[in-house]
> 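Questions regarding the structure given below will be posed in turn.
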Amino acid sequence: MLQPHELTLEEMGDLAEIIPAKDPEVRISYRPIPDFDRPSARSIIPVCEPTLDGNELKYVQQAVETNWISSAGSFIREFEAKFAEACGARYGIACANGTVALHLALATLGLEPGDEVIIPTFTMIATINAVTYCGATPVLVDNEPDFWQMDVADVARKVTPRTRAIIPVHIYGHPVDMDALNELACRHGITVIEDAAEAHGAEYKGRRAGGLAAAAAFSFYGNKILTTGEGGMVTTNDQEIARLAWNLRDHAFSSERHFWHKYVGFNYRMTNLQAAVGLAQVERLDELVAARRQNAALYTSLLRDIPGITTPPEAEWAKNVFWMYGIMVDRGAYGMNRDQLRRVLADNGIETRTFFIPMHCQPVYWDAFKGQRFPVAERLCRDGFYLPSASSLTVAEIERVAAVIDEACGG
Ligand SMILES: *Cc1c(COP(=O)(O)O)cnc(C)c1O
């Protein structure tokens, strides 16, 4: 039977200090703040929620009425074409979720045991798991402190003759410094695959995430900027990668004859129902991203002068889409630590989420990276968390969140 990987905080040594406290319970019985509380205001502000009031219902209804609900149907091809176009990529391969989009993109490379794939330690577990599914060896790098993204200088230090791929993750919607990374990868003949699961509409030097490397993987999970409930897509400009990904997605059926297979394929298909929602979502990508950026600008204007609070960065070459609006809390300067502030927010009906726990701190990967340290990722994990970030947030809600943060430390 499968056994869990156990890891106690004692075994982690001083790394235990960065592991966040358990999520505080979000309570409705918050202390009302005059000015921000109106009878109509909802009492709990969720950390994220989808916006589905466009053509979503209409297209789903069309899919049902025409009897096309499975993985054939016109919404899939339309969604693939529209989303790929929105990313500045030639091909889109829709699939079941973001994790399998990553696996599918990596699978086209034909990785073998011993091949190395460089990823940031500061990411969501799916990035490293996709490498593991391929039987390849994940190699971790730290983030840089300025924009909280994969540190390309650290990537350069970790390249070996076995490095086959690099997966930059555009964390929380801010792009990685792709020119530096692509230049490095090109010099060593390494393939770059973007994990763009958090970066729909994000831009690097005016070019969209999803079209910045050999291929990219997107997620359309319920909390992503565009959602299909569950869903994902590989985008690419490479015809060969696209052809393989399309084929592997659908059991690798051969075109020569039916039930004839030359690769180990997968069933990673998306349904027409999901694609119906996806098409309606792509139609409003720009609007949803603009709302995210507007919300972020308001948050930043209200929070940036509070001592000990660091608001999320944006490089001058970047368009950050603020999938999640993350802040860092300096315990000394702010007067309480991140977990204490989260508790105050929860008591006021405000849901938040801590930053990722790095991969080298995970029970399941502990033995693989034992002894390796990544100071920036560890600091992000210790001090960072994100505030309610949905595109649908109101000005009053953002003001209420900011007021609680301002008051909590004695404002
Ligand atoms: C959400 C996410 C994924 C996985 O997407 P799913 O659709 O949940 O499988 C992968 N990578 C990153 C960085 C993510 O944020």
Side-chain angles (χ1 to χ4, degrees), residues 47-50 79 83 87 92-107 117-134 138 140-141 143 147-150 165-176 178 181 192-202 209-210 212-213 215-235 245 249 266-271 273-275 277-278 281 292 312 320-326 353-359 362 364-365 377 380-381 384-386 389-390:
V47 76
C48 200
E49 63 180 353
F79 178 40
F83 186 75
C87 299
I93 301 93
C95 53
N97 57 61
T99 307
V100 304
L102 275 168
H103 187 200
L104 204 50
L106 282 173
V117 179
I118 297 178
I119 64 168
T121 188
F122 187 74
T123 183
M124 189 251 178
I125 196 75
T127 317
I128 190 168
N129 281 351
V131 176
T132 303
Y133 300 158
C134 293
L140 301 181
V141 299
N143 290 50
F147 309 111
W148 307 347
Q149 302 304 317
M150 178 186 232
I166 303 170
I167 308 181
V169 185
H170 308 306
I171 295 283
Y172 302 138
H174 189 292
V176 171
M178 292 301 292
L181 187 68
V192 177
I193 293 174
E194 300 169 71
D195 182 340
E198 307 179 353
H200 315 68
L212 300 171
F218 284 90
S219 165
F220 306 114
Y221 179 60
N223 70 2
K224 303 295 157 102
I225 295 181
L226 292 195
T227 184
T228 59
E230 295 280 355
M233 199 180 296
V234 175
T235 57
R249 170 183 72 177
F266 317 100
N267 175 0
Y268 284 171
R269 297 177 304 239
M270 176 182 267
T271 69
L273 285 173
Q274 292 164 291
V277 176
Q281 291 269 290
R292 245 38 191 208
N320 187 347
V321 287
F322 301 96
W323 169 56
M324 291 295 171
Y325 186 88
R353 197 80 77 228
T354 60
F355 277 7
F356 297 124
I357 299 177
M359 295 306 105
Q362 298 293 337
V364 63
Y365 288 109
L380 289 166
C381 175
F385 75 109
Y386 46 83
S389 299

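Every heavy atom of this structure was used, including side-chain atoms; hydrogens, water molecules and symmetry mates were not. Remember, it's 1-based here, ligands and their atoms both numbered in the order they're listed.
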> Identify the heavy atoms of N223 and C48 that sit nearest to each other, and give their distance.
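Closest approach of N223 to C48, heavy atoms only: O-SG, 3.4 Å.
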> For V169, which part has a heavy atom under 4.0 Å from ligand 1: side chain, backbone, both, or neither?
side chain
> Please identify which atoms of ligand 1 are closer than 4.0 Å to at least one heavy atom of G98.
5 (O), 6 (P), 7 (O), 9 (O)
> State the atoms of ligand 1, each with its element, that fall below the 4.0 Å cut-off from a heavy-atom position in T99.
4 (C), 5 (O), 6 (P), 9 (O)
> How are the rings of Y172 and F355 set to each other: parallel, tilted or perpendicular (split at 30° and 60°)?
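Ring orientation, 0 to 90° scale: tilted.
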> N/O of S219 under 3.5 Å from N/O of ligand 1, yes or no?
yes
> Could you grab the distance from atom CD1 of I167 to atom CE of M150, nearest 0.5 Å is fine?
8.0 Å
> For the residue pair F218 and F83, does the interplanar ring angle fall in the parallel (under 30°), tilted (30 to 60°) or perpendicular (over 60°) class?
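Geometry flag for F83 against F218: perpendicular rings.
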> Can you list the residues that meet the salt bridge (charged side-chain N to carboxylate O under 4.0 Å, His left out) rule with R249, with sequence neighbours excluded?
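Applying salt bridge (charged side-chain N to carboxylate O under 4.0 Å, His left out) to R249 gives E80.
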> For atom 3 (C) of ligand 1, tell me which residue out of H170, M324, H103, M124 has the closest non-hydrogen atom.
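The residue whose heavy atom sits nearest atom 3 (C) of ligand 1 is M124.
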> Given side chain to side chain donor-acceptor pair (under 3.5 Å), test N129 with Y365 step by step and report yes or no.
CA-CA 10 Å; N129 281 351; Y365 288 109; 2.6 Å; yes
> Do any heavy atoms of K224 fall under 4.0 Å from ligand 1?
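It does; at least one heavy atom falls under 4.0 Å.
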> Considering only non-hydrogen protein atoms, determine which one is nearest to atom 11 (N) of ligand 1 and report residue, atom name and distance to 0.1 Å.
D195 OD2, 2.9 Å
> Of the protein's non-hydrogen atoms, which lies at the shortest distance from atom 15 (O) of ligand 1, and what is that distance?
E198 OE2, 2.5 Å
> Quick one, Y221 with E230, criterion side-chain contact (heavy atoms from CB on, under 4.5 Å). Give me CA distance, side-chain angles, the key distance, then yes/no.
CA-CA 5 Å; Y221 179 60; E230 295 280 355; 3.8 Å; yes
> Looking at A126, which atoms of ligand 1 are within less than 4.0 Å of one of its heavy atoms?
4 (C), 10 (C)
